[in-house]
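Structure first, commentary second.
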Amino acid sequence: MEYNFRDIETKWQQHWKLSKAYQVSNDSSKPKFYVLDMFPYPSGAGLHVGHPLGYIASDIFARFKRLQGYNVLHPMGYDAFGLPAEQYAIEHGIHPALSTSNNIRNFRKQLDNVGFCYDWDREVRTCDPAYYKWTQWIFLQLFDSWYDRRAGRAARIADLVTRFEQEGNRNHPFPNERFLVNVSPAGAPASLQAGFTAAQWKQMDEKTRQDILMEYRLAYCGYGEVNWCEALGTVLANDEVVNGVSERGGFPVVRKRLRQWYLRITEYADRLLEGLERIEFSEAMKEMQTNWIGRSSGANLRFALADSPHALEVYTTRPDTIFGVDFMVLAPEHDLVEAITTPGQRQAVSEYIAYVKSRSERERMAEKKISGVFTGAYAINPFSDRKIPVWISEYVLAGYGTGAIMAVPCGDQRDFAFATHFQIPVTNIIGAHFNGTEANPTKDARLENSGFLNGMLMKDAMEAAIRAIEEKGIGSRKVNYKMRDAAFSRQRYWGEPFPIKWVDGIARPLAESELPLELPEVENYRPGPEGEGPLANLPEWTGRHLETNTMPGYAGSSWYFLRYMDPHNDSAFCSREASDYWGQVDLYIGGTEHAVGHLLYSRMWTKVLYDLGYIGHDEPYKKLVNQGMIQGSSRFVYRLDGLDPAAGLILVSRKFYDAYLAAGSMTPELAGEIAGQIPGPALTTDGCAAWKISPLHVDVNIVDGYELDREAFRKWKPEFGAARFVLEDGRYLCGAEVEKMSKSKFNTVNPDDLVNKYGADTFRMYEMFLGPVEMSKPWDTKGIEGVHRFLRKFWRLFADEQRGWILTDESPTAAEWKVLHRTIRKITEDTERFSFNTGVSGFMIAVNELTELDCHKKAILEPLVILLAPYAPHIAEELYQRIHPGEGRSVLDASYPRFEEKYVTESSKQYPISVNGKLRTTLDISLDAGQQQVEQLVLANEVVQKWLEGRAPKKIIFVKGKMVNVVV
RNA sequence: GCCCUGGUGGUGGAACUGGUAGACACGCAGGACUUAAAAUCCUGUGGCCAGCAAUGGCCGUGCGGGUUCAACUCCCGCCCGGGGCACCA
């Protein structure tokens, strides 16, 4: 009657599959609960032990909720469109659809090994036409919508057209700062830049009207500066560019002006911020999204220029510092640079602009040099009439605010550095708060040298300055965001085609009946002409005037959580009944890497669908938990280099490498010690000064702790077959380092191997036992034995080798009830608050205690099995069958044990008492929570007085009805 | 530089709203069973000191202060690690 996990696990996995035990219905009287994992991108590398961490946690939670009587939706699918599959296709000539489905099959096999309770009937794949039909459909809804700022929500384009017909765009000014990006600024009629009347609208031709409408659409096509990656041959979104290079592949990225599709996510900036207050995300996550959105408020204000008809508009968050402006700075790309530069400075300015253009994005980020040049022009401070020099510098960004700033060196460190570098005199408006050597960005100083603001606290002056600016008619209050509209097109093949046709330069949506617009087969995946995608190489595609770009990876993942609710619906992306029933994702688990990508886009899409009335909630996720990353714990062997080649491959143990490092080079003593261990043809120490020792990654799976399995090493790779080892204490010890888990570092551990050796239940519990789910930690397989031992011990409460099944119907003793109910309370609380590691400990304690009590009673063990079921479902099911033989009941449908206080309350006990918080003793008193406070005090006083031989205590402190401390 | 996290035995980590710090597990040491090994089981395991002993005392949660009868927990000031953002005016 051994615990034979292999048979048990295969048996129940098969049974659950055949009986569709995890199929979920949308039709239930039970309360719903939606547990979601971030679906994986099925890469060719397969799973390592880090991947299932979050899946196991969500699986436990889903099972736990099901036992508690909820109708639990717990689906899984694949984020299957994207660059890697296409890169793979280019390199190996295998169609992405094929490699993707192979990878999915492999993933699925690995997932099934762990025994998850996914309802696979609801699986989605973003590359499946039946799925992306609806991605295209939602895109068309975005295309057919605009953001009504007055109503604060999305509305239909038809509604906008009606308004234009009635009132022009006076009440609905162009949403974008870069007015008419669609026709490029030069092409925009000047008459339109100031808006248009209803009459003007009616006189426009179709093309002009459509270009204007494009300026409002939530999904729009226009010209803009984009992140162009030559190596990948595509445009990337801001979150896909890290430190000036592509996130995937690390290729250089340059700014380029191209026609692109965008999502007008900036219109949702405020609602995305506001929504964060209503959802449970970690502080770090909220912080990241808040920073990314980057809301700031201040004022736009115009400075007149001396001897010029132009005015210079700047954005500032500190209008209170207006009297401290010592110079102005324009971005080198600013439109006015040309017009205001004086003849004398022309040469210097054009040289500087050439220099700036020569610098890559990467260089700009890496070395932040102070650079700039004077334009020769002067602005006039509107309040003091002071003449202020106007400079250009690359530290001012063209894309933010107005692309121009007023520089206040006493209050802004960058301005201060610039002023110092170019020896521009600094005006002090904050008195003693400014020390002359660095800027002070305080808001608490009283203003000096500040005209009508003199003597005011800066905080208060802010409002006063904005009012004065507005009264003078030179500017107004203004809110800015760092976030840009999201680039939504890719010049690639492996993505959703846009359901758009270009007719006479106008983008026309396909009819719903034409969806899905299927991705055609192609011969090769090379880019099309003029930066277009591979689809541009297909005559049958371009002949139909179809858009040749495809959608980015995040399109499909922006709404997949809705599809799971109604996955087979072919007349809607998700019926309103289904989305009303399931509502928000109650618990979403995944890594932090999607903080500013997927998690923002999907929040936006949800808000749009909500605004348009397709769903009833505007935040997709109620609670988000970020699982930590499991790092690899790499192992190294140390190769002796610089020897006579005849000596062959010699590896030295860790201590020699440490000694070598400490000495800085090979010493004769060390060499002698090494050579002494190598038998056969003598390894002479002549020329040992040239010896080197270099670390080499070794497969962690052939290392036990630090000790190398030398036989396995010799078999690992042919070239190691004749390796000789220099040992310490008879063993070969490896070095260790914590690194990212990856195949190339040979530090990956495959879950399949562990499941095979210890079983899925052990594997699941061990992953949880490692520590809090949210925490990152290096993987260490040592310790899995402890969890495995626990399961075997648990098994032995039911059966042992001599007696077979030893379950009894006896009624439990008080001590046994107590163990059970303490465990019910602990496991329930721990699971509820996501503390699975202490939950696992709770089981271990219970089993140790019951083993001690020699308890084999069904009345105790049955509830325990149910508690264990979310953590270790296979063994729980097997044992549940043993308790209820032949009844065909599954532990999946058992009801969760109820905790009862009465079994765990202590009646009368010896309490440890401290006196003055120090001295401790125990007093035999019987006071419990039930008694009234006064009664307690009187009783305690008596006991303590007797104990202190008559002295009266000053104070007695109770905690939860127990006396814990006495002050005398 | 700014923001968010975290710092507890040899190790992973417990201690949820201040109430016997170190649960549980790994590792280690000793023992039982065994011809032997594996497996299994039992005992011990923060440090220092005293005692033949059961036991007792002192010190201990990154460092320095503070609040409290009582601080890993709260407050102030530092130090170190991990993550994010980084010319956003």
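What you see is a predicted model; the values in this text were computed from it and never measured. Per chain, numbering begins at 1; letters A, B, ... match sequence-line order.
- Of all nucleotides present, none satisfies the Watson-Crick or G-U wobble test against G18(B) with each distance under 3.5 Å.
- Contact annotation: Asn837(A) does not reach the phosphate of A23(B) (side-chain N/O to OP1 or OP2, under 4.0 Å).
- As judged by a 4.0 angstrom heavy-atom cut-off over every strand, Asp830(A) is placed among residues making no nucleic acid contact.
- Looking at heavy atoms from C-beta onward, Phe899(A) lies out of side-chain contact with Thr828(A) at the 4.5 angstrom threshold.
- Nucleotide G9(B) has no partner under the Watson-Crick or G-U criteria, as no pair reaches both atom distances under 3.5 Å.
- Phe327(A) is listed as a side-chain neighbour of Pro409(A), based on a closest heavy-atom distance under 4.5 Å.
- Taking atom C1' in both U61(B) and C74(B), the straight-line distance is 16 Å, to the nearest Å.
- A donor-acceptor contact shorter than 3.5 Å is absent between the side chain of His856(A) and the backbone of Phe798(A).
- You'll find that the side chain of Met775(A) is closest to G13(B), out of G13(B), A15(B), C41(B).
- Of the candidate nucleotides C24(B), A89(B), U40(B), U40(B) has the atom nearest to the side chain of Arg796(A).
- Toward the 5′ end of RNA chain B lies the nearest nucleotide of Lys777(A), the other residue of the pair Lys777(A) and Gly294(A) mapping further downstream.
- Here the separation of G46(B) from U11(B), taken at their P atoms, is 13 Å to the nearest Å.
- Pair check for U43(B) finds A29(B); Watson-Crick or G-U wobble, both atom distances under 3.5 Å.
- The distance between atom CE of Met768(A) and atom P of A14(B), rounded to the nearest whole Å, is 13 Å.
- Which of G84(B), C41(B), C87(B) sits closest to the side chain of Lys793(A) comes down to C41(B).
- Residue Tyr395(A) has no polar side-chain atom (N or O) positioned under 4.0 Å from OP1 or OP2 of A89(B).
- Its glycosidic angle being more than 90° from 0, G81(B) falls on the anti side.
- The backbone N or O of Ala595(A) sits less than 3.5 Å from a side-chain atom of Gln289(A), completing a donor-acceptor pair.
- The nucleotide U55(B) finds its pairing partner in A50(B), both defining distances of the Watson-Crick or G-U wobble pair being shorter than 3.5 Å.
- Of the candidate nucleotides U5(B), C24(B), A89(B), C24(B) has the atom lying nearest to any side-chain atom of Ser841(A).
- Straight-line distance between the C1' atoms of G83(B) and G47(B): roughly 34 Å, to the nearest whole Å.
- Nucleotides G81(B) and C26(B) place their C1' atoms 24 Å apart, quoted to the nearest Å.
- In this structure, the NE2 atom of His788(A) is 9 Å from the P atom of U40(B), given to the nearest Å.
- When atom types are taken as modelled, the side chain of Arg822(A) and the backbone of Ala846(A) share no donor-acceptor pair closer than 3.5 angstrom.
- Between Arg789(A) and A25(B) there is no side-chain N or O to OP1 or OP2 distance below 4.0 Å.
- Distances were taken from every side-chain heavy atom of Arg833(A) (C-beta onward) to each of A15(B), C41(B), A89(B); the shortest belongs to A15(B).
- Note on Ser282(A): nothing from the nucleic acid sits closer than 4.0 angstrom, heavy atoms only.
- Neither OP1 nor OP2 of A39(B) sits under 4.0 Å from any side-chain N or O of Arg792(A).
- With a 4.5 Å cut-off on side-chain heavy atoms, Tyr871(A) and Ile827(A) count as touching.
- The partner of C74(B) is G66(B), by the rule that a Watson-Crick or G-U pair needs both atom distances under 3.5 Å.
- Of the possible donor and acceptor atoms, none in the side chain of Asn480(A) sits under 3.5 Å from a partner among the backbone N and O of Ser296(A).
- Of the listed residues (Phe763(A), Phe843(A), Phe769(A)), just one forms a side-chain contact (heavy atoms from CB on, under 4.5 Å) with Val787(A), and that residue is Phe769(A).
- Along RNA chain B, the nucleotide closest to Tyr315(A) and the one closest to Glu785(A) are compared, and the more 5′ of them pairs with Glu785(A).
- Between the CZ atom of Phe281(A) and the C1' atom of U5(B) there is a distance of 18 Å, given to the nearest Å.
- Separating the P atom of G60(B) from that of A21(B) is a span of 13 Å, rounded to the nearest Å.
- Among the nucleotides C4(B), A89(B), C24(B), the one closest to the side chain of Asn848(A) is C24(B).
- Going from atom CG of Asn626(A) over to atom P of G83(B) covers 15 Å, rounded to whole Å.
- Between His594(A) atom NE2 and G84(B) atom P the separation is 14 Å, expressed in whole Å.
- Across the protein-nucleic acid pair, Trp779(A) atom CH2 and C26(B) atom C1' stand 14 Å apart, rounded to whole Å.
- As rounded to the nearest Å, A54(B) and U40(B) have C1' atoms that lie 31 Å from one another.
- The side chain of Asn291(A) contributes no N or O atom lying less than 4.0 Å from OP1 or OP2 of A86(B).
- Taking atom CZ on Phe769(A) and atom P on C24(B), their separation rounds to 10 Å, with Å as the unit.
- Proximity of a side-chain donor or acceptor of Asp415(A) to a complementary backbone N or O of Phe418(A) within less than 3.5 Å is not detected.
- Within 4.0 Å of Glu829(A), counting heavy atoms only, lies at least one base atom of the nucleic acid.
- Across all strands shown, Arg825(A) has no heavy atoms under 4.0 Å from either base or sugar-phosphate atoms.
- For the P atom pair drawn from C76(B) and C3(B), the interatomic distance equals 14 Å after rounding to whole Å.
- The nearest whole Å value for the distance from the CD1 atom in Ile784(A) to the C1' atom in G12(B) is 14 Å.
- Pairing for C2(B) goes to G84(B), judged as Watson-Crick or G-U wobble with the two contacts each under 3.5 Å.
- Thr592(A) has no side-chain polar atom (N or O) that falls below the 4.0 Å cut-off from OP1 or OP2 of G83(B).
- The gap from the P atom of A25(B) to that of U17(B) amounts to 25 Å, rounded to the nearest Å.
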